[in-house]
2 protein chains.
Amino acid sequence: MKQITMADVAKLANVSKSTVSQYLNKRYDYMSEETKKRIEKAIDELGYQPNFIARSLKQKSTATIGVIVFNILHMLTTQVLRAIEDVCQERDFHVIVCNTDDDPEKEKKYIEMLRAKQVDGLIIFPTGKNLELYEKMAEEQFPLVFVDRMVPGIPADAILLDNHKAAALAVNHLVEHGYERIGIVAPPIVPHVIPRLERIEGFKHALAEKGLPVMEEYMVGMEISRIKEGLTQLFSSDCPPEALFAINDLTLMEILNFVKDNNIRIPDDLALISIDDVPFSNIYTPTLTTIAQPTFEMGKKAAERLFMQIDQKNEHHQQILRFPPTLIQRGSVKQRT
Amino acid sequence: MKQITMADVAKLANVSKSTVSQYLNKRYDYMSEETKKRIEKAIDELGYQPNFIARSLKQKSTATIGVIVFNILHMLTTQVLRAIEDVCQERDFHVIVCNTDDDPEKEKKYIEMLRAKQVDGLIIFPTGKNLELYEKMAEEQFPLVFVDRMVPGIPADAILLDNHKAAALAVNHLVEHGYERIGIVAPPIVPHVIPRLERIEGFKHALAEKGLPVMEEYMVGMEISRIKEGLTQLFSSDCPPEALFAINDLTLMEILNFVKDNNIRIPDDLALISIDDVPFSNIYTPTLTTIAQPTFEMGKKAAERLFMQIDQKNEHHQQILRFPPTLIQRGSVKQRT
DNA sequence: TTGTATGCGTTATCAA
DNA sequence: TTGATAACGCATACAA
């Protein structure tokens, strides 16, 4: 199956390659109607399809961006990705998607290969551990946007949730409904995972604001697989929490699993609020009070910022955008009597 | 930021471009240790990064495939996609993801643009409406795999669920638990959406096998947004179904919504079984009996079939692979007394 | 063991 | 209004 090239079209239409090129790029300014017709005819007679790779080589633009995420299976990722793709679709850009599983090595490889493939920009949910690489891209002014996490010290755009506010929303909502012994459940707290840190920090801060003590034993921070144990222990203590704040959907799932196994009634025995508005929040019994991230807006903005950088390759100022979370009141937190 | 090319490396290392090229492609057979050293030095002194686009132009391979789906937000899609990406990762291939929203026009555009970008193959969840395009690809022996739906008449590989079996699994499970008045809930039945058709067909067939009548009024097939109304009507009849079979996760959600609004107790008032093992099936009350698709296996196989075609560009025989569904017994179907 | 020349399919510059 | 010709960055056959 031989590729049909511009040369073939040119020959058949009896014009030069350059003329065909002009035609394809709609530079009709000086082209006679007749040549146009002839070229058009030749094109569909041969079923000619332009080769973008060749064009990219010349034009230094592939109309392709890379999106590097931890895991496309996470809801946040999927939704952000969808929004990014929508923006790209409008501009006839394509999106290459890569999963790192939060492994810095994979991230490195992807960044390098995608750049070798000359993608026009990169949107990254960063592992945070490839400092040199991030730095290099920033220095070179390579279009780059971080999402979900940022990397301190790297002057790149970042699209984040306002994590402090999210935590405050949760705490305040609980406190206003009469809860005082509030626990928080999170994956392990590691220094480079900014959102977790910020959410915990926000939690403590909000508690303090409300004049409530921060109880270390109410803070469960461990591997997802161990959370159920952690909860078991916590709830076998003399004075278990009256309310739980799950900092993301994964921890929420573990909590729901735990309460199911232990016949803990929500919200009667335990109030529950979480960040990430899971798809079943409305159909679960009780319905789940959550704090939603504006995932689509975030994805859209990420793409827009990236295109801004792609368009004006000149100086561009870093922007750290924090998106406001939304409290969605449902049934897992009730007014205490 | 000027691109650094092989020529620059060659100059600095005092060798020719071809030697550098050899080096990069690890054709060390006849290269002196010294030249190797010099080239290596030059490369990292300049921070040289090869340009894959240029290489692709020459080699007619981009190490990139396209995956065209309806909507990345659907769980099935996301999981299949993840499996595909994993296989690609092993072969240093990249994946371009496109959402069609089941719109044939978008699909057409994507197929054409991706082919123009010279992707090495395409995995498509087809809308089923671009016959000429599919045909053209098949004729040209362009590497192509359909997933989820197949397109009758197009000799391309297809990875599907064994829909008949899935429906039979559901019906038999219900019948064996003492249910006879079984309803089915589906999106609109349109001729080109094979899985829906097959599931309904399988449903009728299984019912017949069990000697049960097929009740037209128990078959709800309508737009997702109207399903709740449909159910309301169905359940206000004299003789509503005792069990419901949701043919996918979307319809399941509507049913759950409906039962919640109407205080219908599952499984006491109504048994429920569905295709697609939703993430909350284990934590919902009751836990949900589902029929799972082997999504990861399907994605993996899709990628493998595609690579098979990519590798041996010669003759290749169409294969329609039907994957077996798995019944996961949980709490939404109980033994009737 | 390494270098020269040519081609991949476009686009861009400049002539004609 | 159109055509030659030279890039783009790399790979490869062949020569040296």
Side-chain angles (χ1 to χ4, degrees), chain A residues 1-40 42-43 46-64 112-113 115-120, chain B residues 1-43 46-64 112-120:
Chain A
M1 202 65 212
K2 190 182 134 294
Q3 238 310 68
I4 286 150
T5 79
M6 264 181 30
D8 301 310
V9 176
K11 196 166 355 143
L12 185 61
N14 247 307
V15 295
S16 76
K17 285 194 299 176
S18 358
T19 309
V20 178
S21 174
Q22 312 251 68
Y23 173 86
L24 288 172
N25 291 294
K26 308 208 191 308
R27 306 284 322 142
Y28 296 141
D29 311 12
Y30 299 100
M31 199 172 302
S32 73
E33 275 307 316
E34 212 236 312
T35 358
K36 260 194 264 188
K37 287 261 164 59
R38 280 220 310 282
I39 295 177
E40 193 180 341
I43 285 181
L46 294 170
Y48 167 73
Q49 292 285 147
N51 180 331
F52 259 76
I53 290 291
R55 149 191 292 227
S56 297
L57 180 57
K58 193 74 196 168
Q59 299 196 151
K60 272 112 182 46
S61 157
T62 51
T64 305
E112 284 171 348
M113 292 199 53
R115 292 209 55 190
K117 282 195 179 170
Q118 313 296 116
V119 294
D120 294 337
Chain B
M1 202 64 213
K2 189 183 136 291
Q3 200 16 26
I4 285 152
T5 78
M6 261 180 31
D8 302 309
V9 176
K11 197 171 348 148
L12 184 62
N14 248 307
V15 295
S16 78
K17 285 195 298 176
S18 17
T19 310
V20 178
S21 174
Q22 314 250 66
Y23 173 86
L24 290 172
N25 291 294
K26 309 209 190 309
R27 304 285 321 142
Y28 296 141
D29 312 11
Y30 299 100
M31 200 173 301
S32 72
E33 275 308 314
E34 213 235 310
T35 357
K36 261 194 263 186
K37 288 260 163 58
R38 281 220 310 282
I39 295 178
E40 194 179 341
K41 183 148 160 286
I43 285 181
L46 294 170
Y48 168 73
Q49 293 284 148
N51 181 330
F52 259 75
I53 289 294
R55 150 193 288 231
S56 297
L57 181 56
K58 188 80 193 165
Q59 301 196 149
K60 270 117 184 47
S61 158
T62 51
T64 304
E112 283 170 350
M113 294 199 53
L114 288 177
R115 292 210 55 189
K117 282 195 179 170
Q118 313 296 117
V119 294
D120 294 336

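Chain A is the first sequence line, chain B the second, and so forth, proteins listed ahead of strands; every chain is numbered from 1. Here the structure is a predicted model, which means the values were calculated and not measured.
Per the geometry, NZ belonging to A:K17 stands 12 Å off C1' belonging to C:dA12, to the nearest Å. Rounded to an integer number of Å, the gap from CG of B:N14 to C1' of C:dG3 is 13 Å. Following rounding to the nearest Å, B:D8 (CG) and D:dG9 (P) show an atom-to-atom distance of 9 Å. If you take OH of A:Y23 and P of D:dT2, they are 13 Å apart, rounded to a whole angstrom. Rounded to an integer number of Å, the gap from NZ of A:K58 to C1' of D:dG9 is 11 Å.
Here A:V15 lies in heavy-atom contact (under 4.0 Å) with sugar-phosphate atoms only. Across all strands, A:S56 comes closer than 4.0 Å to no nucleic acid atom at all (heavy-atom distances).
A donor-acceptor pair under 3.5 Å is formed between the side chain of A:K117 and the backbone N or O of B:T62.
Phosphate contact (OP1/OP2 of D:dG9, side-chain N/O of B:T5, threshold under 4.0 Å): absent.
With salt bridges taken as basic N to acidic carboxylate O contacts below 4.0 Å, none links B:R115 and B:E112.
Minimum atom distance to the side chain of A:S32 is reached by D:dT1, of the listed D:dT1, C:dT1, D:dT12. Closest to the side chain of B:Q22, out of C:dT11, D:dC10, C:dT2, is C:dT2.
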